[in-house]
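Reading through the structure tokens given below for one structure.
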Amino acid sequence: MLLALPVAVGPQDPAEEAVERVELNGVLYEVPPPWRSNRITEAADPTALAKAPGDLTGEFEIYVTPETRDAVVAMAAAARDDGIALQVDSGFRSYGFQKRLLEGLLKTGRPFLNAVRWTAPPGYSEHITGRAVDFVPSDAEFKDVPAYQWLKERGADFCFTESYPLGNAGGFDWEPWHWRYEDCDE
Ligand SMILES: [Zn+2]
């Protein structure tokens with residue numbers, strides 16, 4: 001069952017200004033919490049991205065900002081020295097890619113509110129910045145792999161932060177596999 005939230009647009013209704021919507025498969029959905037009011041305006045320039053090296057990504061072709069690429073390469077080398085293999089299976093995702101990803105989930109019959117728990121609506125994913133990466137396995141099991149403990153101890157040394165940690169103040173579901181790079185010159 002597809003849960004389409006009916007959208008009634010009241011003319012000049014001030015409350016409407018706070019409503020955020022996305023169009024998926026031709027249907028308008030209201031963006032629910034925790035995404036609502038967390039639209040990401042900083043999109044990467046797709047022509048200025050760098051390809052992550054194949055030894056980190058396997059068969060995937062993954063692009064991130066050049067600074068993110070350099071940082072993740074350095075971090076993976078340090079992890080390797082500690083016997084940890086960091087693998088990445090997602091980096092930059094355009095608005096259109098994120099839209100198709102979510103539309104694909106809806107087409108399998110997933111209700112919208114279920115699908116958007118872990119797949120951000122287009123325009124709301126940190127992946128659009130080119131500075132977010134997903135480590136493998138990019139699912140709840142990541143919390144149990146040694147790479148996760150390693151990232152928690154050492155990620156900050158390479159300017160990587162867990163975006164949606166357990167019990168985060170924003171109310172986002174825990175995504176232990178999802179980390180973002182932020183310039184952190186000391
Ligand atoms: Zn992610």
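In each ligand, atom 1 is the first atom listed, and ligand 1 is the first ligand listed. All residue numbers refer to positions in the sequence shown, counting from 1. The model shown is predicted, which means the values in this text are computed figures rather than measured ones.
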Checking distances from the Zn ion (ligand 1), one finds that the N, O or S atom of Asp134 closest to it is OD1
Atom name of the N, O or S atom of His178 nearest to the Zn ion (ligand 1) is ND1
- Cation over ring, Arg131 on Tyr181, under 6.0 Å and within 45°? no
Checklist entry - the Zn ion (ligand 1) to Glu175: any N/O/S contact under 2.8 Å? => result no
**OP:** Using only heavy-atom distances, determine whether the side chains of Ser163 and Glu126 contain a donor-acceptor pair under 3.5 Å.
**Re:**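 The criterion, which ignores hydrogens and geometry beyond distance, is satisfied for Glu126 and Ser163.
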- [ ] Please assess Asp82 against Trp150 for the test side-chain hydrogen bond (donor to acceptor under 3.5 Å, both in side chains), listing each intermediate value before the final yes or no.
- [x] CA-CA 9 Å; Asp82 290 340; Trp150 190 92; 2.7 Å; yes
Practice task
Could you tell me whether Glu20 and Arg36 make a salt bridge, using a distance below 4.0 angstrom between a side-chain N and a carboxylate O?
Solution key: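 So Glu20 does not pair with Arg36 through a salt bridge.
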